[in-house]
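First the structure, in the form of structure tokens, and then the observations on it.
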Amino acid sequence: MLDIKFIRENPAIVKNALKNRNAEADVDGLLELDRLRRAAITESEGLKTERNTASKTIGGLMKEGKKDEAEAAKEEVRLIGDRIAALDDQVRELDEKISHIILYIPNLPAETVPVGASEEDNPVLRSFGEKKEFDFEVKPHWDITEELKLVDFERGAKITGSGFPVYTGQGARLQRALISYMLDLHTTEHGYTEVEPPFVCNASAMTGTGQLPKFSEDMYYIDTDELYPIPTAEVPLTNLYGDEIIDADEPVKLAAYTPCFRREAGAAGRDNRGLLRLHQFDKVEMVNFVKPEQSAAQHEILVGEAEKVLQLLGLHYRVIELCTADLGFSAAKCYDIELWAPGVERWLEVSSVSNFGDYQARRARIRCRDENGKAQLLHTLNGSGVALPRLVVAIIENYQNADGTVTIPEVLRPYMGGLEKMG
RNA sequence: GGAGAGAUGGCAGAGCGGUUUAAUGCGUCGGUCUUGAAAACCGAAGAGGUGCAAGCCUCCGGGGGUUCGAAUCCCUCUCUCUCCGCCA
């Protein structure tokens with residue numbers, strides 16, 4: 001969330017940022033509640049000072065045996081106590097109202113983020129490789145996965161529902177190979193610590209990273225135990241250090257493989273053929289905790305680490321920057337990496353690399369020490385490194401052969417038992 | 001799931017209704033001494049809120065209650081440990 005002090009001092013900046021994001025929030029109402037809250041606190045604290053002094057006096061009178069005087073004083077202090085209780089109730093109510101507004105206000109876009117009206121305005125920053133030429137008719141991945149029995153969509157729908165594919169045979173092996181390949185790359189080449197977190201989180205963690213309260217409809221929920229299956233490893237990894245002051249003199253870098261669960265409410269029928277949009281998918285995620293002054297530079301490093309995964313696989317991709325209108329709720333700045341898939345003839349988003357500034361750190365209370373040893377909010381970043389299904393789509397479609405087989409990229413072969421082709 | 005015991009500052013560990021502004025030890029940082037270091041001695045040091053500031057308020061796992069006053073008493077939740085049960 002945003003710093004209430006910042007909002008108080010820069011309401012115009014906040015309102016303009018909301019406008020650029022096509023978002024709305026009652027900033028003036030928030031500031032009025034903030035004013036009332038501080039007035040109530042000031043009054044309550046003054047009374048508490050009185051009460052503390054009076055209580056000490058009563059203690060003294062009791063010791064000296066002046067019972068009558070003590071009783072008279074007690075009566076007086078009781079009245080002060082009643083007023084304090086009323087004021088503190090007021091503060092609590094105001095806190096709730098303030099939270100209700102401020103938790104729904106998205107992060108401010110960084111100054112470098114291009115202002116835009118829709119995803120049409122996302123600039124392409126760079127690309128790697130080029131579109132492969134084929135001397136035969138390329139097939140979309142759903143034909144290939146069926147012919148080679150790599151994915152069984154029908155049976156997944158039978159046992160769970162649509163959007164829950166079953167990977168089989170070499171298809172299942174490929175999932176495992178990709179996970180191992182990516183985690184090995186990040187841990188050995190990029191300095192990451194591998195983590196295997198829980199795949200469900202509580203409401204507090206979900207609020208810390210910004211999924212709650214606004215996006216509860218996008219998540220699955222286990223009512224009996226009040227737990228949410230994670231939509232991304234960002235949630236458990238980032239919240240790992242919630243309520244802590246950690247040493248971030250060097251960036252703390254965590255990488256994890258987890259399945260991800262998304263209801264994709266409102267997305268029915270969109271982009272959902274084959275492996276393009278699923279309710280459950282696998283992903284390797286990278287999360288960084290850095291000192292504030294390092295986050296902009298670390299963001300560039302992080303996107304490079306995600307790109308490395310694709311470069312070694314020999315896949316054609318491009319990096320775009322999200323404009324203000326397309327930026328995620330908690331992000332201050334975000335790059336998307338898109339892979340070219342010749343079968344479906346589309347660019348597929350496989351990684352979203354975001355700098356959250358101190359937005360998540362403030363919600364989750366994650367801090368580090370500044371140069372003077374004082375506690376300060378740190379910055380969080382994360383990036384997919386990368387999401388599997390669309391990566392699988394790109395691999396299968398780009399490496400398909402005229403005879404119906406799929407060549408396995410060389411870096412994956414050690415993870416596939418030396419296999420060179422699927423099919 | 002059942003029974004019991006716990007949760008206090010970076011760590012260990014006192015305190016169990018009013019000089020606790022949370023003792024003491026270890027660790028950390030600064031200083032004295034020293035060629036340098038160690039030892040010894042002296043000193044400093046938490047987080048959040050509020051206020052222009054001085055300062056004040058809050059925080060002893062979370063929440064609620066009793067009281068003039070709660071780390072301390074009561075209720076409740078969470079977590080940890082021990083034993084039992086069940087079980088990949």
Side-chain angles (χ1 to χ4, degrees), chain A residues 1-10 30-99 102-103 196-208 212 222-228 236 239-249 252 289 291-292 358-378:
Chain A
M1 69 191 151
L2 301 183
D3 183 359
I4 184 71
K5 279 183 200 147
F6 181 88
I7 301 175
R8 199 184 294 149
E9 286 158 20
N10 307 281
L30 174 68
L31 291 177
E32 175 60 12
L33 292 170
D34 173 55
R35 199 185 59 72
L36 292 171
R37 171 180 176 274
R38 286 183 294 142
I41 286 175
T42 302
E43 193 181 348
S44 167
E45 288 188 353
L47 292 171
K48 281 175 184 169
T49 307
E50 270 185 55
R51 182 177 67 183
N52 289 346
T53 311
S55 288
K56 260 184 196 151
T57 309
I58 291 170
L61 291 172
M62 299 287 278
K63 256 187 193 161
E64 293 169 32
K66 297 177 178 170
K67 238 184 159 196
D68 292 349
E69 283 182 48
E71 287 305 322
K74 276 190 195 180
E75 188 56 38
E76 212 174 294
V77 179
R78 190 176 299 130
L79 296 177
I80 296 176
D82 290 345
R83 288 173 60 198
I84 291 171
L87 285 165
D88 285 351
D89 281 347
Q90 235 177 68
V91 172
R92 205 171 303 126
E93 276 174 39
L94 287 163
D95 277 341
E96 267 175 44
K97 286 182 184 167
I98 287 168
S99 291
I102 206 168
L103 286 175
E196 183 176 314
F199 300 158
V200 290
C201 280
N202 58 32
S204 168
M206 289 294 171
T207 305
L212 289 180
I222 302 166
D223 189 57
T224 319
D225 300 293
E226 299 182 1
L227 293 170
Y228 298 80
N239 284 285
L240 221 46
Y241 297 124
D243 275 314
E244 291 189 40
I245 299 173
I246 64 169
D247 179 358
D249 287 349
V252 175
F289 302 85
K291 298 186 123 184
D358 63 12
Y359 188 88
Q360 293 181 326
R362 184 172 294 107
R363 288 171 83 112
R365 296 164 307 280
I366 310 168
R367 291 167 296 170
C368 62
R369 300 279 175 191
D370 67 13
E371 59 278 9
N372 299 316
K374 282 307 234 184
Q376 65 170 350
L377 293 170
L378 48 68

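Each chain gets a letter, A, B and so on, in the order its sequence line appears, and its residues count up from 1.
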State which of [options] makes the closest approach to the side chain of [X].
X      : options             : value
A:E45  : B:U50, B:G64, B:G18 : B:U50
A:A375 : B:G49, B:G64, B:A47 : B:A47
A:I41  : B:G64, B:C68, B:U50 : B:U50
A:T42  : B:C68, B:U50, B:A47 : B:U50
A:R38  : B:A47, B:C68, B:U50 : B:U50

When A:G81 and A:T49 are each assigned the nearest nucleotide of RNA chain B, the 5'-most assignment goes to A:T49
- Message: Quick check on RNA chain B: between A:I4 and A:K48, whose nearest nucleotide comes earlier from the 5' end?
- Response: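 Looking at the nearest nucleotide for each, A:I4 comes out on the 5' side.
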Nucleotide [N], atom [atom2] - distance to [atom1] of [X] in whole Å:
X      : N     : atom1 : atom2 : answer
A:K56  : B:A70 : NZ    : P     : 12 Å
A:E244 : B:C11 : CD    : P     : 11 Å
A:I80  : B:U67 : CD1   : C1'   : 15 Å
A:K5   : B:C52 : NZ    : C1'   : 14 Å
A:D95  : B:G48 : CG    : P     : 17 Å

Partner lookup for [N], please. Criteria are Watson-Crick or G-U wobble with both distances under 3.5 angstrom; report none if nothing qualifies.
N     : answer
B:C29 : B:G43
B:A14 : none
B:A37 : none
B:G55 : B:U50
B:G6  : B:C79
B:C86 : none

Think [X] has a side-chain N or O under 4.0 angstrom from the OP1 or OP2 of [N]?
X      : N     : answer
A:R78  : B:C68 : yes
A:R51  : B:G69 : yes
A:R37  : B:U50 : yes
A:N52  : B:C57 : yes
A:R367 : B:G48 : yes
A:R369 : B:A47 : yes

Salt-bridge contact [X]-[Y] (side-chain N to carboxylate O under 4.0 Å):
X      : Y      : result
A:R369 : A:D247 : no
A:R92  : A:D95  : no
A:E45  : A:K48  : no

- Message: Check whether A:D358 reaches the backbone of A:R362 with its side chain - one donor and one acceptor, N or O, closer than 3.5 Å.
- Response: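 Not a single qualifying donor-acceptor pair exists.
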query: So, does A:S44 use its side chain to make a donor-acceptor pair with the main chain of A:A40 at under 3.5 Å?
result: no
Please give the distance between the C1' atoms of B:C56 and B:A3 as a whole number of Å.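 Here B:C56 and B:A3 have their C1' atoms 48 Å from each other.
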